[in-house]
Structures are given as C-alpha cells and as structure tokens.
Asker: 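The structure that follows is given in the form of structure tokens.
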There are 2 protein chains.
Amino acid sequence: MKRPTSLDYAILGLLNQNPQSGYRVRKAFENTALGNYSSSPGAIYPAINRLQELELVEKTNMPNSKKMIFKSTEKGTELLKEWFLKPIEINEIATELNELLLRFGFMDRLIDREEQLNFLGSLKVQLEVYIKSLKEYHKNNSTTLPINGRLAFEHGISSYETTLKWCQKAIKTITNSKS
Amino acid sequence: MKRPTSLDYAILGLLNQNPQSGYRVRKAFENTALGNYSSSPGAIYPAINRLQELELVEKTNMPNSKKMIFKSTEKGTELLKEWFLKPIEINEIATELNELLLRFGFMDRLIDREEQLNFLGSLKVQLEVYIKSLKEYHKNNSTTLPINGRLAFEHGISSYETTLKWCQKAIKTITNSKS
DNA sequence: GTCGACATGTAAATTGTTACATGATTTA
DNA sequence: TAAATCATGTAACAATTTACATGTCGAC
C-alpha cells in the first residue's frame, strides 16, 4: 500500500469512532448506506491487516476473549486528521463526492468546528463552480443530446444542487452547534 | 471476463451510440460527468480488447486510415438490450445508482417507450422502498448518531429523494415524447 | 440438535492504477 | 519548429471479487 485507499480510510474512520471487530466493520458496510464500499471478507480482512502493518490500527488487548477488536492508533488518528484537512480539489466533486461526504461524516471530535466549517465552505465553492460548468455544458448541448442522455445529465445537475443545498444547511447546523 | 463490468457496458453503450476511437472514449469519460469511470489508458484499451475478443465490438473497416474506429456488433447490441431490461434489484439503489442512470441514458433507440417507462416505474418503486427504510433508520437512530454522521446520513436521504423526483419528471417527459 | 448469525480467513482470477513509452498530427 | 493534443499501448503492482473453507455461539 503506497497510499491508503478510500476503503482504508473508511475502516480507519469506523475504528476510530469505536473499536470493533472486522466482522462489525463488514456489517456496517453491508447494512448502512456507508459510502457503498465492499463488505466482502476478501476486501475487509486484508485491508485491516494492511492497516495493522502500517501501525494505523491495533488489537485491543482483551485477555479473556478470542475476538479481535481493533482500534485506531495515535498514528492512525493523525492520518485521519490529515485526510480531513486535505484541500478539496474540483475533480473530487465529480468523481469522489462520496469520499468527501465520508470525510465530513467522520470529522466529529477530531477537528474543531472552525476547520469543519472550512471544509464545508470549500465544498460549497467547488460545488458551485462544478454546477456552473455543468449548466454551461447543458445550455450548449441539450439540443444535440438524445432525450435519455439529456435526462440523465439533468439528474446529475439536480444531484449536485441537492448536495449544495445540503452543504448550506450543514454550515448552519455546525455553526449553531454547541462546542 | 465472465460477465462484462460496468465499464464494459459504458464503453459498449458509447460505441453503440456512435462508432469512435478508444481515445474518444477516454475523453468522453474524462470530460463528461459520465458515471465516473476511469479514463486511464490502462483501463480503456484492455477493456476494448476484451469486448473485441467477445465479438461485442468490432473495427470499422476504413481502408485508407490508420485510426481504429470501433462500433458495436449485433451481438453487442443484443447484450446491451439485455442489460437495459434486467430487473432492478433493491440493493442496486444503494450501491449502483450510477449504473442504473447509465442504463437509462443509453436506452434511446434500442428499446421502446413502454419498456423505458417500465424501467423508470420500477426504479421509482425501488427508490420509494429504499427511502422509506432510510427514514425509518433515521427516526430510530438520529439521537444516537454524532452530529456529522447524522448530517451525512441526511445527505443520503436528500439525494435519493432528488432522484425520485427526477424519476417522476422523466416518466412524464418520456410519456409525452414523440414516438 | 439444527439453523442462522457470528467470526475470520485464503486462493485464483480479474480488474484497475500508475507510470512509462512511442509516434503522428495539429496549432501557435 | 516547438508545444500541445491526438492516439495506442505495455508492465509492474495493488486491490477487489468470487468462491471456498472452517469453526463458534445462541436461539428455537
């Protein structure tokens, strides 16, 4: 592993929130709408082993138990923080929006409110830029596109507009939250 | 290749709409918000070769040109039709919504209006079921979730609701379209 | 006492990423 | 004529899917 994958971060984020077994992580991916990551054992267990080798997670020592409960190490927490604070690039809006939402979802407790608002503010700006470019494209090409293609494209625009509205709501919610 | 991947279908759909070079396919993935598939040469060219080996696409014979322009074969078109008509499963809503939209985007000309409306109707039903389960979860867990997790979850609900609204609009548009 | 859920893993095959490599053609 | 874009590919590596494999534990 050169750089952790999106799945690695998702697992690390979960284990940072509360220590748990690989099986629990799998179930979290399977049952909750968390991203849309694979929950197959062939993906999760090797990923946890990778994280362990890099000392980003470790087993909790529960002497009288056979279960393997993993938790984030200090190093793992630091890596998560870096991930949270990494500047948002415009191309991530189009291809990794899910991961951006995941970043936000795990930010709790690990970085302060001001930095969370920074993240949301930056997300908002990049969304606005991207939506503008989509609308520009739509304006110039809607007549040439086949009807289904045009509709599918319009779905994209609506989706990003929904995310933008959510972003504004989230900024308000975080602003008004107790510290 | 046992079964074509999502990327394979995306390429096949593009080549079915209009014959073009591998490079053009790459640019389509790079520039348009098409799915969010990889446009790297190491993904596209091998994929086109796979499709060729299965006789789903073929080179157009342009004698006086060095360019390789690919088009969908009859067999490829049949496979696309099968893909379009495959029943929508509930788990696809959570994990492969993108692919469902792609299916709809390529349906033009290949299946008739009635079947397109079938697809949209089924999509609508599955979205309603899925949204209901998300809201149920939200109702039972919103107080225990950390604030960021709750907000991220709410983003998911809003997104699916937007898709549902789009679905209703698309049904109207297709219903009223000229045959 | 059997069934389903809990729990952890491995192996083979496939797929995709990253980086490199090459050459033609167009445009400033 | 230099730079950018068009155009096609390969090689090494990393990651994921699918399928198999095994065993425990609690409920009915």
Asker: Taking B:W166 for the side chain and A:L151 for the main chain, is one N or O donor matched with an acceptor at less than 3.5 Å?
Answerer: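 Yes; at least one donor-acceptor contact below 3.5 Å.
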Asker: Just the rounded figure in Å: distance from P of D:dA7 to CD1 of B:I44.
Answerer: 15 Å
Asker: Sub-3.5 Å donor-acceptor pair from the side chain of A:K75 to the main-chain atoms of A:L54, do we have one?
Answerer: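 Yes, because the side chain of A:K75 sits within donor-acceptor range (under 3.5 Å) of the backbone of A:L54.
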Asker: Choose from C:dT8, C:dT17, D:dA7 the nucleotide whose nearest atom is closest to any side-chain atom of A:S21.
Answerer: C:dT8
Asker: Rounded off to whole Å, could you give me the CZ-to-P distance for the B:R3 and D:dT18 pair?
Answerer: 8 Å
Asker: Any side-chain N or O of A:R50 under 4.0 Å from OP1/OP2 of D:dT16?
Answerer: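 Answer is yes, contact under 4.0 Å.
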Asker: Atom CG of B:N91 to atom P of D:dT17: distance rounded to whole Å?
Answerer: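 After rounding, the reported distance stands at 13 Å.
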Asker: Let me know the distance between CD of A:E30 and P of C:dT8, rounded to the nearest Å.
Answerer: 14 Å
Asker: Can you tell me how far P of D:dG9 sits from CE of B:M68, to the nearest Å?
Answerer: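 Rounding to the nearest Å, CE of B:M68 and P of D:dG9 are 3 Å apart.
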Asker: With respect to the phosphate group of C:dT14, does any side-chain polar atom (N or O) of B:T5 fall under 4.0 Å of OP1 or OP2?
Answerer: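 So the side chain of B:T5 is outside the cut-off, no N or O lying under 4.0 Å from OP1 or OP2 of C:dT14.
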Asker: Measure the distance from CD1 on A:I11 to C1' on C:dT8 and round it to the nearest whole Å.
Answerer: 14 Å
Asker: Round to the nearest Å and state the distance from B:Y45 atom OH to C:dC20 atom P.
Answerer: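 It is 19 Å, rounded to the nearest whole Å.
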Asker: Side-chain N or O of A:R26 versus OP1/OP2 of C:dG9: is the shortest distance under 4.0 Å?
Answerer: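 So the side-chain polar atoms of A:R26 never come under 4.0 Å of the phosphate oxygens OP1 or OP2 of C:dG9.
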Asker: So, A:T77 and A:S72: side-chain donor and acceptor under 3.5 Å apart, yes or no?
Answerer: yes
Asker: Just call it for A:S40: base, sugar-phosphate, or nothing, with non-hydrogen atoms closer than 4.0 Å on any strand.
Answerer: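 Since a base atom lies under 4.0 Å of A:S40, the category is base.
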Asker: Are the side chains of A:K135 and A:K132 in touch, meaning some heavy atoms are under 4.5 Å apart?
Answerer: no
Asker: Scan side-chain atoms only and decide if A:Q116 and B:N148 contain a donor-acceptor pair under the 3.5 Å cut-off.
Answerer: yes
Asker: Does a donor on one side chain and an acceptor on the other come within less than 3.5 Å for B:E99 and B:W83?
Answerer: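 Distance-only check passes for B:E99 and B:W83.
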Asker: Whole angstroms only, please: what is the CG-P distance between B:N36 and C:dT17?
Answerer: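 Rounding to the nearest Å, CG of B:N36 and P of C:dT17 are 10 Å apart.
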Asker: Determine: side-chain N/O of B:K67 to OP1/OP2 of D:dA7, distance under 4.0 Å, yes or no.
Answerer: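 Indeed, a polar side-chain atom of B:K67 lies that close.
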Asker: Which is true for A:R24 with a 4.0 Å heavy-atom rule: it touches a base, it touches only sugar-phosphate, or it touches nothing?
Answerer: sugar-phosphate
Asker: Of the nucleotides C:dT15, D:dG9, D:dA7, which has the atom closest to the B:Y23 side chain?
Answerer: D:dA7
Asker: Look at the side chain of B:P41 and decide which nucleotide, out of C:dG9, D:dA7, C:dA19, has an atom nearest to it.
Answerer: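 That would be C:dA19.
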Asker: Please tell me which of the listed nucleotides, C:dG9, C:dC6, D:dT8, lies nearest to the side chain of A:K27?
Answerer: C:dC6
Asker: Give B:G22 one of three labels, base, sugar-phosphate or nothing, depending on what nucleic acid heavy atoms sit under 4.0 Å from its own.
Answerer: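 Answer is sugar-phosphate: B:G22 comes under 4.0 Å of backbone atoms only.
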Asker: To the side chain of B:A43, which of C:dG16, C:dT8, C:dA7 is closest?
Answerer: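 The answer is C:dG16, which lies nearest to the side chain.
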Asker: With a 4.0 Å cut-off on heavy atoms, is B:L7 in touch with a base, just the backbone sugar-phosphate, or nothing at all?
Answerer: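 If one applies the 4.0 Å heavy-atom cut-off, B:L7 turns out to touch the sugar-phosphate alone, with no base involved.
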